[in-house]
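Notes to accompany the following structure.
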Protein chains: 2
Amino acid sequence: MVEAVNRFRPGSQQRGEDTRRRILETAFELFASDGFEGASTRTLAERAGVNLPAIQYYFGSKEGLYRAVVEQITDRMEARVAPLAEHIRVELDAGQPPRRQLVAMLCDMLDIVISLMFDENAPDRDSQQKFFARIEVEPNAATDAMQDSMIRHVLRPCTAIIGRLLDRPPDDEQVKLRAMMIIGQAKIFCGWGTSRVLHWDTVSEARVRAVQTVIREHIEAIFRSVRSS
Amino acid sequence: MVEAVNRFRPGSQQRGEDTRRRILETAFELFASDGFEGASTRTLAERAGVNLPAIQYYFGSKEGLYRAVVEQITDRMEARVAPLAEHIRVELDAGQPPRRQLVAMLCDMLDIVISLMFDENAPDRDSQQKFFARIEVEPNAATDAMQDSMIRHVLRPCTAIIGRLLDRPPDDEQVKLRAMMIIGQAKIFCGWGTSRVLHWDTVSEARVRAVQTVIREHIEAIFRSVRSS
DNA sequence: GCGAGACTATATCGATCGATTGACATTATC
DNA sequence: GATAATGTCAATCGATCGATATAGTCTCGC
């Protein structure tokens with residue numbers, strides 16, 4: 001079987017590009033609120049204003065569309081985190097930074113995570129939070145890759161820093177525990193945080209800074225008390 | 001239409017009681033791993049070793065079964081938390097406890113939450129964690145009630161204590177933020193915690209205590225540094 | 001302006017879902 | 001042991017799902 005040279009490329013023209021983007025945006029919102037199985041391709045097509053076969057046309061299958069959504073979020077997350085992750089790696093490789101700098105880098109990382117949760121002036125902030133909560137309960141090849149990316153770009157730099165702060169290897173169990181707990185302080189806002197407890201219908205920049213300030217205080221307090229044993 | 005006086009009661013006899021319990025257990029595991037829409041009544045009936053109509057017979061509908069599962073978990077959670085929640089309420093009503101006692105009570109509450117996540121020697125610990133993560137993304141009349149229960153029995157006592165520690169009203173935004181973050185340190189273990197980062201295939205009692213010890217240190221460190229402003 | 005490729009529309013397929021029917025088996029009660 | 005209540009069973013219904021077949025429209029290069 002000879003493969004055709006000029007394969008057709010969905011979304012290569014103007015009209016198709018718009019349609020493809022519209023499907024992707026709607027799928028992001030619908031998958032976030034209803035999940036992969038809960039979101040039907042029919043309501044998705046209707047809400048996006050496209051035909052039912054358009055999903056198969058542009059993304060191959062419903063699963064392919066889900067993959068595309070996850071990869072988009074993963075890329076967005078990596079783009080925001082990667083620079084700091086690289087900076088941390090370089091600083092730690094250069095030697096032993098002073099304690100104050102280690103804590104500062106850890107706080108900077110959590111700042112970015114917080115700003116990711118409350119993605120400023122993004123209309124899909126709510127979907128973003130819901131989707132982050134969903135990857136915990138929808139095991140998948142795509143979501144697994146996203147989790148790996150988050151572990152590599154967020155958790156691993158944190159454990160590296162905390163390992164230095166506690167004078168323990170990065171894969172030490174206590175180091176991993178503390179890293180997870182500190183990240184958990186930010187991750188809690190993916191769930192019933194903003195909607196049910198805090199009644200934040202609008203997320204102002206001041207509120208995001210408030211969250212970042214509090215988590216900074218917690219981190220600094222923790223590593224002012226907890227030192228290498 | 002006259003209502004019959006002697007309504008039939010599914011599960012009132014020995015055999016039916018066993019069947020009912022078997023369905024409930026299997027539903028707990030299946031809903032936890034596959035979600036409400038992902039879990040089909042057919043695979044559920046097959047795995048529980050019962051017929052397909054047995055679900056409607058004992059629980060009215062699939063949704064009724066889901067409700068029963070959620071209520072069972074909610075009751076289990078309330079039974080573990082309620083005594084301490086009441087103790088905290090009484091102590092705070094009596095006056096202003098010393099700072100040390102406030103922190104101790106907060107740590108005790110988190111101890112219980114941790115032990116709930118890692119429900120010792122329970123065969124369904126994995127399902128428990130998954131289900132706790134699911135209620136964040138599966139809005140429902142039943143899950144909403146469970147969230148309300150968790151807010152009332154866990155979050156509210158924590159905010160009450162933290163309000164005293166910071167000399168602020170319990171509904172102060174900074175108080176609620178700190179309470180959520182502290183609980184988030186425990187809640188993080190519902191997700192990719194035990195399985196992907198820590199590679200805990202078995203959860204020993206020592207590991208649970210390790211988590212409790214670390215979170216105690218964090219709480220004590222936070223309120224050693226952060227005081228009323 | 002015409003033909004090829006890019007894109008959209010209608011109708012429908014097979015599979016699976018939750019729920020129901022109606023008959024049968026078991027158990028309790030008198 | 002007869003009768004009614006309780007529990008189980010195979011068969012099937014209508015609805016909805018994801019995917020496809022097929023035909024039509026639009027756009028751009030020549």
Side-chain angles (χ1 to χ4, degrees), chain A residues 2-27 30-31 33-70 138 140-142, chain B residues 2-27 30-31 33-70 138 140-142:
Chain A
V2 179
E3 190 75 7
V5 179
N6 280 336
R7 304 270 290 157
F8 88 112
R9 294 146 300 175
S12 61
Q13 291 196 10
Q14 182 63 36
R15 196 164 42 129
E17 200 170 334
D18 281 357
T19 307
R20 191 188 147 93
R21 187 181 42 78
R22 200 143 25 95
I23 294 175
L24 205 59
E25 285 179 4
T26 309
L30 208 60
F31 282 144
S33 65
D34 298 350
F36 178 73
E37 319 216 35
S40 80
T41 56
R42 281 175 170 82
T43 64
L44 204 160
E46 187 186 5
R47 196 176 299 187
V50 300
N51 312 304
L52 186 55
I55 295 171
Q56 274 75 21
Y57 180 75
Y58 283 101
F59 299 95
S61 66
K62 184 187 181 183
E63 197 182 326
L65 174 56
Y66 190 80
R67 255 198 309 274
V69 169
V70 174
E138 282 184 0
N140 198 294
Chain B
V2 178
E3 191 75 4
V5 178
N6 279 337
R7 304 271 291 159
F8 88 113
R9 293 145 300 177
S12 59
Q13 293 195 14
Q14 183 62 38
R15 191 162 48 127
E17 202 170 335
D18 281 359
T19 308
R20 190 189 148 92
R21 187 181 41 79
R22 199 142 26 93
I23 294 176
L24 206 57
E25 284 179 5
T26 311
L30 207 60
F31 281 144
S33 66
D34 297 351
F36 178 73
E37 319 217 33
S40 80
T41 56
R42 279 175 172 81
T43 63
L44 204 160
E46 187 186 6
R47 196 176 300 184
V50 299
N51 312 303
L52 186 53
I55 295 171
Q56 274 75 21
Y57 180 75
Y58 283 101
F59 299 95
S61 66
K62 184 186 183 184
E63 198 182 325
L65 174 57
Y66 190 80
R67 254 198 309 272
V69 170
V70 174
E138 281 185 0
N140 197 293

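What you see below is based on every heavy atom in this structure, not just the backbone, and it leaves out hydrogens, waters and symmetry mates. Computed from a prediction, not measured in an experiment: that's the story for all the values here.
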Restricting to non-hydrogen atoms, name the atom on [X] and the atom on [Y] that form the minimum distance, rounded to 0.1 Å.
{"X": "B:R47", "Y": "B:L30", "value": "NH1-CD1, 3.3 Å"}
{"X": "A:Y58", "Y": "A:R20", "value": "O-NH1, 3.4 Å"}
{"X": "A:Y66", "Y": "A:E138", "value": "OH-OE1, 2.7 Å"}

Atom [atom1] of [X] and atom [atom2] of [N]: how far apart are they, to the nearest Å?
{"X": "A:I55", "N": "D:dT20", "atom1": "CD1", "atom2": "P", "result": "13 Å"}
{"X": "B:R42", "N": "D:dC13", "atom1": "CZ", "atom2": "P", "result": "13 Å"}
{"X": "A:E63", "N": "D:dC17", "atom1": "CD", "atom2": "C1'", "result": "15 Å"}
{"X": "A:E17", "N": "D:dC28", "atom1": "CD", "atom2": "P", "result": "13 Å"}
{"X": "B:Y57", "N": "D:dA10", "atom1": "OH", "atom2": "C1'", "result": "17 Å"}
{"X": "A:E46", "N": "D:dC17", "atom1": "CD", "atom2": "C1'", "result": "15 Å"}
{"X": "B:D34", "N": "C:dC17", "atom1": "CG", "atom2": "P", "result": "11 Å"}
{"X": "B:D18", "N": "D:dT6", "atom1": "CG", "atom2": "P", "result": "17 Å"}

Looking for any heavy atom pair under 4.0 Å, which part of the strands does A:A39 touch: base, sugar-phosphate only, or nothing?
sugar-phosphate

Base, sugar-phosphate, or nothing: which does A:L52 touch, judged by heavy atoms less than 4.0 Å apart?
base

Verify the contact: side-chain N or O of [X] to OP1 or OP2 of [N], cut-off strictly under 4.0 Å; return yes or no.
{"X": "B:N51", "N": "D:dC9", "answer": "yes"}
{"X": "A:T19", "N": "C:dC7", "answer": "no"}
{"X": "A:Y58", "N": "C:dT8", "answer": "yes"}

List the residues meeting side-chain hydrogen bond (donor to acceptor under 3.5 Å, both in side chains) with B:T43, not counting sequence neighbours, and say none if there are none.
B:S40

Looking only at C:dG18, D:dA19, C:dA9, the nucleotide nearest the B:Q56 side chain is C:dG18

A:P53 side chain, from C-beta outward: closest of C:dA9, C:dA6, D:dG18:
C:dA9

Please evaluate residues A:R67 and A:E63 with respect to the criterion salt bridge (charged side-chain N to carboxylate O under 4.0 Å, His left out), reporting the C-alpha separation (whole Å), side-chain torsions for both, the decisive distance (0.1 Å), and the verdict.
CA-CA 6 Å; A:R67 255 198 309 274; A:E63 197 182 326; 3.7 Å; yes

